[in-house]
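For this chain, numbers begin at 1 and follow the sequence in order.
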Amino acid sequence: LRRRPDYPNAVSNYANALLLAGRPAEALAQLDELLRQAGPSAPLLCSRAVALADLGRLAEGAAAVAEALRLEPDFAPARELQQRLEVAGP
């Protein structure tokens, strides 16, 4: 990241590491910026959904998953995340 802060895979990996470290607000900021720069993708939207859910913003997380599935209807991680968010409910 220090050498190439604009490298999408590095930023995505960093955001996922932030999620694993229990820092969803920071992860969300990274993901939102990456989505702004690179455009939407199912994996990024799913990571964004996890960050939002971790922040208690379940409806926004569900919307991000729905967008991921709109882009890639057969994206298995999005389907699994959708089910987890439905179980968590509002």
- Note on the structure: From the list S41, C46, P40, side-chain contact (heavy atoms from CB on, under 4.5 Å) partner of L44 resolves to S41
- Message: Among residues at least two apart in sequence or on other chains, which ones pass side-chain hydrogen bond (donor to acceptor under 3.5 Å, both in side chains) with N13?
- Response: none
- Query: Can you check whether S12 reaches L34 side chain to side chain, under 4.5 Å on heavy atoms?
  - Reply: yes
- Message: Any heavy-atom pair between the side chains of V87 and Q83 that's under 4.5 Å?
- Response: no
- Message: Would you say that E26 contacts Q30 through its side chain, given a criterion of any heavy-atom pair below 4.5 Å between the two side chains?
- Response: no
- Query: When hydrophobic residues are tied together by side-chain contacts of less than 4.5 Å, even through go-betweens, does L71 share a cluster with L52?
  - Reply: no
- Nearest heavy-atom approach of V65 to A49 is CG2-CB, 3.5 Å
- Task: Output all residues satisfying side-chain contact (heavy atoms from CB on, under 4.5 Å) with L55, sequence neighbours left out; order by chain, then residue number.
- Result: P24, A25, L28, R57
- Please name the pair of heavy atoms, one in S47 and one in L19, separated by the smallest distance, quoted to 0.1 Å. O-CD1, 3.7 Å
- Task: Looking only at non-hydrogen atoms, find the nearest pair between A27 and A15 and report the distance.
- Result: CB-O, 3.4 Å
- Message: Please find the pair of heavy atoms, one from R79 and one from L69, that lie closest to each other, and give the distance.
- Response: NH1-CD1, 3.7 Å
- Side-chain heavy atoms under 4.5 angstrom apart, residues restricted to Ile, Leu, Val, Met, Phe, Trp, Tyr: same cluster for L45 and L31? yes
- Item | CG on D32 to CZ on R48, rounded to 0.5 Å | 4.0 Å
